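Remember, it's a predicted structure, so these values are computed and weren't measured experimentally. Each ligand, and each atom within it, is numbered from 1 in the order the structure gives.
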Amino acid sequence: MPDRKPNSKPRRKIEAGILGATGTVGQQIAALLAGHPWFELKWLAASERSTGKQYGGLPWRLPVPLPDEFARLTVENLKPGAGPKLVFSALDSGVAGEVETEFAAAAHLVVSNARNHRMDPLVPLLIPEINADHLALVPLQQKKNGWRGAIVTNPNCSAVILALALAALRPFQLKRVLVTTLQALSGAGYPGVASLDATANVIPYIEGEEEKIEAETRKILGRLVKGAVELHPAAISATTTRVPVVNGHTESVSVELGKKAAREDILTAFREFAGEPQKLGLPSAPAQPIVYHDSPDRPQPRLDVERGGGMIVQIGRLRYCHVLDYKFIALGHNTIRGAAGAAILNAELLAAKNLLS
Ligand code: NAP
């Protein structure tokens, strides 16, 4: 872990809550907050099905144990104003839009995983290594809505992986991108895809996913100009599939570049890619956000997905493409870098920029 700049660390721990604490992502956020150096998980909320129950009495579906101090917390209802200022949202998108708006209006800083507000022009769609400057949208959002709180989002789990890989290639002027995903079952939440559909099968359709990847990636890579994000001009075409993998989305990516680049230049760009979290030494920031595998049969979800605490994007098989310019394979942990870990990194950036005080 890199050294932390002394002035980026909060003076005391910041209390945090989770909206949707009982789902796949909510549980992962709780697990990652255990022993977190900056944040203290104090409050949990979910649907009426879970309200009033002890967190430890509800099904826990992660391979790491539920910390005792969280097991004793009672799951509350989603009442704005009740929890701490910082709330992570891992709510189902059917309810997230309205609930997150109500929490932001009640002065909470909502750090969301849900899709509902991601493409709102005044909501940052953050990957701190790529677009930390998009946080400048927060005061504009507050002013327009008359809120003391705000909403900050992290991208779709496949878009995070693609955007990190593409961000490293921005110096070569991205023109066109083709991506085909092989997405893990945990990406569909719990219980997700029926076992008889998923076992030994490939499902060539994930509702809404291709549109999200195409639109969100261009916003993430976009430039902030006069208080608005100009979408990145690259054309992106996505095909998404669900495969019988537990964790880890794999992506086959081909890119056309405006500026000629040798294979070695691309490798160097992947290996040297870093951003604001590495400079600030944020606690969840991987020292190297992109790791390249020389072995031609890597990365693989089963062997590699947990590396770097699930916070790195792993790339392999960089080769020439006879249609576009280069093609490669990328892998990322969908519930960590693609969701819970991404949200926590976003909150660390907010804390380091004094937006949580
Ligand atoms: P999930 O396992 O289905 O969990 C959904 C959560 O929302 C649960 O805590 C559930 O509470 C709550 N909820 C559902 N219906 C509700 C209602 N009507 N009122 C109040 N609360 C309700 O889903 P997930 O996979 O964790 O995903 C959570 C969010 O993150 C979604 O918006 C998803 O699109 C997004 N996301 C997921 C991933 C991933 O890899 N899984 C990646 C990126 C983003 P109860 O348990 O009480 O029902």
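- A salt bridge between Asp325 and Lys260 is present, with a side-chain N of the basic residue lying under 4.0 Å from a carboxylate O of the acidic one.
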Using the rule given for side-chain hydrogen bond (donor to acceptor under 3.5 Å, both in side chains), can you reason through Glu48 versus Asn77, listing the C-alpha separation, both sets of side-chain angles and the distance that settles it, and then say yes or no?
CA-CA 7 Å; Glu48 281 172 7; Asn77 63 20; over 6 Å; no
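- With respect to atom 26 (O) of ligand 1, the closest heavy atom belonging to the protein is Val25 N, 2.7 Å.
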For the pair Arg176 and Glu256, evaluate salt bridge (charged side-chain N to carboxylate O under 4.0 Å, His left out) and give the outcome as yes or no after the intermediate values.
CA-CA 5 Å; Arg176 292 191 294 168; Glu256 181 182 52; 2.8 Å; yes
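- Nearest protein neighbour of atom 15 (N) of ligand 1, counting heavy atoms only, is Arg49 NH2, 3.3 Å.
- The shortest contact between atom 35 (C) of ligand 1 and any protein heavy atom is with Asn113 O, 3.5 Å.
- Proximity of Gly94 to ligand 1 is not established, as no heavy-atom distance is less than 4.0 Å.
- Using a 4.0 Å cut-off between charged nitrogen and carboxylate oxygen, Arg337 and Glu129 count as a salt-bridge pair.
- Looking at every heavy atom in both residues, Asn113 comes nearest to Ala340 through OD1-N, 3.9 Å.
- Note: Phe103 and Trp43 have tilted aromatic rings, judged against thresholds of 30 and 60 degrees for the angle between ring planes.
- Below 3.5 Å of separation, one finds no N or O of Arg115 facing any N or O of ligand 1.
- Any N or O atom pair closer than 3.5 Å counts here, and Gly23 shares at least one such pair with ligand 1.
- Taking every heavy atom of Ala46 and a limit of under 4.0 angstrom, the matching atoms of ligand 1 come to 11 (O), 47 (O).
- Between Ser50 and ligand 1, an N or O atom pair is found at a separation short of 3.5 Å.
- For ligand 1, the atoms lying closer than 4.0 Å to a non-hydrogen atom of Gly187 are 39 (C), 40 (O), 41 (N).
- Between Cys157 and ligand 1, not a single N/O pair is under 3.5 Å apart.
- At a cut-off of 3.5 Å, with distance as the only test, no side-chain donor of Glu100 or Asn116 sits close to an acceptor on the other residue.
- The nearest heavy-atom contact from the protein to atom 23 (O) of ligand 1 is Gly189 CA, 4.0 Å.
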Go through Phe270 and Phe328 one step at a time and tell me if the ring-ring contact (aromatic ring centres under 6.0 Å, His included) criterion holds.
CA-CA 11 Å; Phe270 284 145; Phe328 56 87; 5.3 Å; yes
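- Ligand-side atoms of ligand 1 in range of Gly338: 42 (C), 43 (C), range being under 4.0 angstrom from any heavy atom.
- With a heavy-atom cut-off of 4.0 Å, Val95 touches ligand 1 through its side chain alone.
- Scanning the protein for heavy atoms near atom 42 (C) of ligand 1, the closest one is Ala339 CB, 3.5 Å.
- By the 3.5 Å distance cut-off applied to N or O atoms, Ala114 is not counted among the residues near ligand 1.
- Distances from atom 18 (N) of ligand 1 to the protein include at least one heavy-atom value under 4.0 Å.
- Listed by number with element, the atoms of ligand 1 under 4.0 angstrom from any heavy atom of Gly20 are 9 (O).
- Proximity to Leu78 (heavy-atom distance under 4.0 Å) selects the following atoms of ligand 1: 20 (C), 21 (N).
- Looking at Gln54 and Thr74, their side chains never bring a donor and an acceptor atom within 3.5 Å of each other.
- Checked for salt-bridge contact, Arg115 and Asp120 miss the test: no charged N lies under 4.0 Å from a carboxylate O.
- Checked by distance only, ligand 1 and Asn156 stay at 3.5 Å or farther apart across all their nitrogen or oxygen atoms.
- Counting heavy atoms closer than 4.0 Å to ligand 1, residue Ala96 contributes nothing at all.
- Using a 4.0 Å cut-off to heavy atoms of Thr335, the atoms of ligand 1 that qualify are 40 (O).
- Taking the six-membered ring where the residue is Trp, His36 and Trp38 present perpendicular rings, their angle passing 60° and hence far from 30°.
- Listed by atom number, the atoms of ligand 1 under 4.0 Å from Ser93 heavy atoms are 32 (O).
- A donor atom on one side chain and an acceptor atom on the other are found under 3.5 Å apart for Ser158 and Gln183.
- Here the straight-line distance linking atom CG of Leu62 with atom OG of Ser186 works out to 10.0 Å at 0.5 Å rounding.
- Between Leu356 and Ala347, the shortest heavy-atom contact is CD1-O, 3.7 Å.
- Summary of contacts: the protein heavy atom closest to atom 2 (O) of ligand 1 is Thr24 N, 2.9 Å.
- Looking at Glu102 and His108, their side chains never bring a donor and an acceptor atom within 3.5 Å of each other.
- Ranking protein heavy atoms by distance to atom 32 (O) of ligand 1, first place goes to Leu91 O, 2.7 Å.
- The closest non-hydrogen atom to atom 6 (C) of ligand 1, taken over Ala45, Gly26, Ala90, Ala188, comes from Ala90.
- Of all protein heavy atoms, the one closest to atom 8 (C) of ligand 1 is Thr22 OG1, 3.4 Å.
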